[in-house]
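Below is one structure, written out as structure tokens; the observations come after it.
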Amino acid sequence: MRREGERVLCYCGDVSLSLGESVADVQSQTNGWVEIDTTIGWRPPVKNLSLWATGSVQGAVYSDFPGGRQDLIFIGSGNFSGLWMPDVTLSAGVKFTQQISSHSDLDWNGFNVVPRVLFNMKFN
């Protein structure tokens, strides 16, 4: 956190490494994977607003796929979130995914846009 005059700016970052095994009822879709993610966040001088960007790379190996299969997946996203009323948070984000597979017919890419409204309610 850094002070500029009367404003307080907050930056954050995160890096993670994950390993996993995905199982499926179709044996050829079972895979092992490794993923690295990094996130950078910023809370600008605008009250109750935060921005962040995330990038990840995932590699997957499908051992029971006919002929073998390996995928490399790149994901980049950007998001903003703001507390606009005491119990209402608005957020939106955009995500781009690019999958490259050892089977070219399984290559794909696409965008997702995700708006969201969260209502917080308290019960006594």
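What you see is a predicted model; the values in this text were computed from it and never measured.
For the side chain to side chain donor-acceptor pair (under 3.5 Å) condition, no pair includes a residue of residues 75-86, sequence neighbours left out.
For the pair W108/S101, no side-chain contact is recorded, criterion being any heavy-atom separation below 4.5 Å from C-beta on.
Here CD of E35 is found 5.5 Å from OG of S18. Values are rounded to the nearest 0.5 Å. Of the inter-residue distances, the one linking L19 atom CG with I36 atom CD1 reads 10.5 Å to the nearest 0.5 angstrom. Distance check, rounded to the nearest 0.5 Å: OH of Y62 to CG of D71 gives 4.5 Å. Atoms CG and CG, on N48 and L90 in that order, are 11.5 Å from each other to the nearest 0.5 Å. For the atom pair CD (Q98) and CG (D107), the distance works out to 7.0 Å, reported to the nearest 0.5 Å. Between atom OG1 of residue T30 and atom CG of residue D25 there is a gap of 8.5 Å, rounded to the nearest 0.5 Å.
If you chain together hydrophobic residues whose side chains sit under 4.5 Å apart, V61 and L72 never meet in one group. In the hydrophobic clustering of this structure, V88 groups with L49; members are Ile, Leu, Val, Met, Phe, Trp, Tyr whose side-chain heavy atoms approach within less than 4.5 Å, directly or through other members. Hydrophobic clustering places I100 together with V34 (ILVMFWY residues linked when any side-chain heavy atoms are closer than 4.5 Å, directly or through intermediates). One hydrophobic cluster, built from ILVMFWY side chains closer than 4.5 Å, cannot hold both V117 and V113; they sit in different ones. F74 and V94 sit in two unconnected hydrophobic clusters of ILVMFWY residues. Membership requires side-chain heavy atoms under 4.5 Å apart, directly or through other members.
Of all heavy-atom pairs spanning M85 and L83, the tightest one is O-CD1, 3.1 Å. Nearest heavy-atom pair across S22 and W33 is OG-NE1, 3.2 Å. Smallest separation of non-hydrogen atoms from S28 and P66: CB-CD, 4.1 Å. Closest approach of Q99 to L106, counting heavy atoms only: NE2-O, 3.3 Å.
The aromatic rings of F111 and F96 lie tilted to each other, with the angle between the two planes from 30° to 60°.
In I40, the CD1 atom is not crowded: 12 or fewer heavy atoms of neighbouring residues, nucleotides or ligands sit closer than 6.0 Å.
In this structure, the side chain of Q70 does not engage the main chain of G59 through any donor-acceptor pair within 3.5 Å. In terms of modelled atom types and a separation under 3.5 Å, the side chain of N31 and the main chain of Q29 share a donor-acceptor contact.
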